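Read the structure below first, then the notes.
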Amino acid sequence: MKIRVRFAPSPTGFLHIGGARTALFNWLYARHHEGTFILRIEDTDAARNTAEAVNVVLNSLRWLGLVWDEGPLTADATGSFKGDCGPYFQSQRRKDYERRVEALLSRGLAYESEGAIKFKMRREPVVIDDLVVGQVRRELTDREMQDPDFVLVRSDGQPVFHLCNVVDDLDMGVTHVIRGEDHLSNTAKHIALFQAFEVPPPRYAHIPLILNQDGSKMSKRDAGASLTPYMDEGYVPEAILNYLCLLGWSPKDNRELMPLDEIVERFDLPQVLRHNARFDMEKLKWMNYEYSRTLSPDRFHELAVHALARAGIDTNSFPLPYVKAALDTCVGKVKLFSDLPAYAGFYFNPDPAIDPAAAQKDFVPENRPRLARLREAFAALTAFDPDTIGNTLAATARELGVKTGVLVHPTRLACTGRTVGPSLYHLLAVLGKERVLQRLDQAIARIG
RNA sequence: GACCCUAUGGUCUAGCGGUUAGGACACCACCCUUUCACGGUGGUAGCACGGGUUCGAUUCCCGUUAGGGUCGCCA
């Protein structure tokens with residue numbers, strides 16, 4: 001049997017991090033079993049669904065690299081799509097739902113009530129054989145004891161989620177439904193509907209939810225809940241995927257940093273955990289760092305330039321080799337690309353602001369002649385590479401009878417304005433003799 | 001209120017009757033070092049509680065508690 005899974009988001013204007021993980025699990029399952037990954041847009045709540053909102057979903061999935069085998073090609077509900085089961089927007093499948101409702105009506109399995117059409121739900125408990133949770137016997141709640149029937153079509157003619165979801169899964173030949181555990185209780189309704197349509201339901205796999213750090217439910221407003229900020233702040237998509245796959249799934253052998261290929265190879269439902277996981281931004285950052293430091297130079301450069309541009313630093317006005325050399329000194333030094341403007345801004349700002357606290361410590365009178373001496377030693381240099389710079393600084397320190405650190409700190413501050421940054425000798429070499437001399441002069445004048 | 005799921009350090013997790021309870025993030029100390037970061041070494045910290053079953057429970061069963069989910073003419 002060829003496996004067919006789907007990710008069926010409702011376009012709300014953002015992709016929830018939990019939704020991203022649901023998409024990932026479906027995608028991984030499809031890839032692992034060489035099945036088909038379907039993207040279906042559940043836009044039945046017409047009023048609040050816009051093309052822009054759909055675009056957010058499409059772009060987010062594309063950014064993550066979760067390519068769908070079937071589904072829309074554009075955010076336009078009436079636009080083109082790939083796959084044989086389209087259209088993949090629920091708003092375009094009204095006739096299918098109506099036909100199914102007619103069938104139910106004619107067989108006495110649904111009835112009209114106050115303008116709406118309701119499904120005659122069975123009064124007995126439903127057994128759900130879940131691939132993750134195991135066998136669940138879903139008893140009726142006290143409210144359902146009174147009236148277990150539920151609405152299929154609203155009085156305004158709009159079909160509701162439970163109906164659309166089931167009909168689409170049926171018509172699209174979905175074999176496995178991998179979704180958040182928040183749907184587990186509803187699954188009884190879905191199974192009853194499949195039975196009413198006289199077809200076996202798909203296999204269900206309800207995956208645990210992602211909670212906030214404090215254990216509360218993660219909603220759209222919570223920090224980190226939407227994927228968009230990660231895209232904006234220059235996170236590495238592979239890092240997000242790697243982190244997300246470890247929330248609720250475990251390879252069982254302590255492996256954490258894993259290339260996507262390995263995850264695809266190893267991912268399967270039996271290793272999916274049953275308990276909810278809390279979202280840990282710190283660990284995500286660490287993992288993102290691990291990925292960003294091993295990025296190809298071109299990828300690193302691209303993400304770095306993007307981050308700088310977002311902070312208003314236009315690297316285009318500098319020679320490309322200079323920009324590349326500058327960025328090379330930052331590899332492995334910052335956790336987030338969004339830290340880069342503060343970290344490497346001095347390369348692109350002719351007059352970087354000096355950290356006042358550091359100035360108080362390093363720009364003291366006794367350092368004035370020392371910096372002046374170093375400035376002259378640098379001025380006399382014909383080569384200006386890291387080794388030469390380092391040797392010259394060390395030699396000057398010896399002449400002065402001080403440790404190298406005594407020169408290192410004020411020099412760094414003079415040239416970058418900060419106490420932290422890339423390797424000093426490399427940074428000075430990139431900056432070039434002219435800029436270095438100029439900034440040293442400014443610092444010396446400032447001390448005076 | 002009813003129903004469903006869950007419970008190993010602060011967080012993600014390994015464990016599937018007998019372990020000095022392992023790994024990772026975070027944190028602390030030390031080392032390395034031109035700052036920071038990396039790296040290295042060491043450390044703090046955990047089986048929610050109460051009953052069973054068993055020679056023996058983190059592990060199996062029941063209960064309690066706690067957290068999460070669902071019971072919509074939202075999805």
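Model, not experiment: these values are computed from the prediction. A, B, ... follow the sequence lines: proteins, then strands. Residue 1 opens every chain.
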Write down the distance between NE2 (A:His190) and C1' (B:U70), rounded to a whole number of angstrom.
-> 11 Å
Would you please name every residue forming a side-chain contact (heavy atoms from CB on, under 4.5 Å) with A:Thr187, sequence neighbours left out?
-> A:Ile128, A:Arg179, A:Ile191, A:Tyr204, A:His206
Of all pairs that satisfy salt bridge (Lys or Arg N to Asp or Glu O under 4.0 Å), the ones with a partner from residues 428-444 of chain A, not counting sequence neighbours | A:Arg375-A:Asp441
If pairing requires Watson-Crick or G-U wobble contacts with both distances under 3.5 Å, which nucleotide is the partner of B:A57?
-> none
Atom CG of A:Leu211 to atom C1' of B:G67: distance rounded to whole Å?
-> 8 Å
Which value, in whole Å, describes the distance between the C1' atoms of nucleotides B:C49 and B:A7?
-> 12 Å
A:Phe119, A:Phe194, A:Tyr97, A:Phe150 screened by ring-ring contact (aromatic ring centres under 6.0 Å, His included) with A:His162, the one that passes = A:Phe150
Tell me the side-chain hydrogen bond (donor to acceptor under 3.5 Å, both in side chains) pairs involving residues 109-121 of chain A, sequence neighbours left out?
-> A:Tyr111-A:Asp149, A:Lys118-A:Asp147
Starting from the C-alpha separation in whole Å, work towards a yes-or-no answer on side-chain contact (heavy atoms from CB on, under 4.5 Å) for A:Phe37 and A:Val5.
-> CA-CA 5 Å; A:Phe37 176 57; A:Val5 295; 4.1 Å; yes
Touch class at under 4.0 angstrom, heavy-atom based, for A:His206 against every strand present | nothing
Could you name each residue pair satisfying ring pair (Phe, Tyr, Trp, His ring centres under 6.0 Å) that touches residues 393-412 of chain A, not counting sequence neighbours?
-> none
With rounding to whole Å, what would you report as the distance between B:A45 and B:G10 at their C1' atoms?
-> 9 Å
Taking CZ from A:Phe161 and P from B:C74, how many angstroms apart are they, rounded to a whole number?
-> 13 Å
So which protein nitrogen or oxygen atoms get under 3.5 Å of nucleotides 57-62 of chain B's nitrogens or oxygens?
none

Taking the same atom, P, in B:A48 and in B:G43, what whole-Å distance lies between them?
-> 25 Å
Would you call A:Asp129 and A:Arg203 a salt bridge, using N to O less than 4.0 angstrom?
-> yes
With rounding to whole Å, what would you report as the distance between B:U53 and B:G69 at their C1' atoms?
-> 32 Å
Which residues satisfy the side-chain contact (heavy atoms from CB on, under 4.5 Å) test with A:Val160, sequence neighbours excluded?
-> A:Val151, A:Arg154
Integer angstrom distance from the P of B:C62 to that of B:C4 = 13 Å
B:G50 and B:C71: how far apart are their P atoms, nearest whole angstrom?
-> 36 Å
Distance, P atom - from B:G22 to B:G46, rounded to whole angstrom = 12 Å
For the residue pair A:His176 and A:Tyr29, does the interplanar ring angle fall in the parallel (under 30°), tilted (30 to 60°) or perpendicular (over 60°) class?
-> tilted
Any residue meeting salt bridge (charged side-chain N to carboxylate O under 4.0 Å, His left out) with A:Asp261, in chain and number order, not counting sequence neighbours | none
Take nucleotides 29-39 of chain B nucleotide by nucleotide from the 5' end and write B, S or -, depending on whether a protein heavy atom sits under 4.0 Å from the base, only from the sugar-phosphate, or from neither.
-> -----BBBBS-
Gap between atoms CD and C1', on A:Gln271 and B:G15 respectively (whole Å) = 15 Å
Can you name the residues that form a salt bridge (charged side-chain N to carboxylate O under 4.0 Å, His left out) with A:Asp168, not counting sequence neighbours?
-> A:Arg40, A:Arg93
Rounding to the closest angstrom, what is the interatomic distance between B:C25 and B:G52 at atom C1'?
-> 38 Å
To the nearest Å, give me how far apart CD1 (A:Ile207) and C1' (B:G69) are.
-> 14 Å
Between B:A24 atom P and A:Asp253 atom CG, what is the distance in whole Å?
-> 13 Å
Output all residues satisfying salt bridge (charged side-chain N to carboxylate O under 4.0 Å, His left out) with A:Arg370, sequence neighbours left out; order by chain, then residue number.
-> none
With heavy atoms under 4.0 Å as the rule, sort A:Lys189 into base, sugar-phosphate or nothing.
-> sugar-phosphate
Using both distances under 3.5 Å as the test, list the Watson-Crick or G-U wobble partner of B:C74, or none.
-> none
Given protein heavy atoms under 4.0 Å, the one-letter contact record of nucleotides 2-13 of chain B, with B base, S sugar-phosphate only and - none, is simply BSSSSS---BBS
Between atom CE in A:Met218 and atom P in B:G68, what is the gap in whole Å?
-> 14 Å
Tell me what A:Asn186 touches on the nucleic acid: a base, only sugar-phosphate, or nothing, going by heavy atoms under 4.0 Å.
-> base
If pairing requires Watson-Crick or G-U wobble contacts with both distances under 3.5 Å, which nucleotide is the partner of B:C49?
-> B:G63
RNA chain B: 5'-proximal contact among A:Phe150 and A:Asp182 (nearest heavy atom) = A:Asp182
Who is the Watson-Crick or G-U wobble partner of B:G39, with both distances under 3.5 Å?
-> B:C31
Partner nucleotide of B:A24 by Watson-Crick or wobble geometry (both distances under 3.5 Å) = B:U11
Rounded interatomic separation in angstrom, taking CZ from A:Arg255 and P from B:G23 | 17 Å
Not counting sequence neighbours, list each pair that qualifies as a salt bridge (Lys or Arg N to Asp or Glu O under 4.0 Å) and has a residue in residues 399-423 of chain A.
-> A:Arg373-A:Glu399
Does the ring center of A:Tyr291 lie less than 6.0 Å from the ring center of A:Tyr235?
-> no
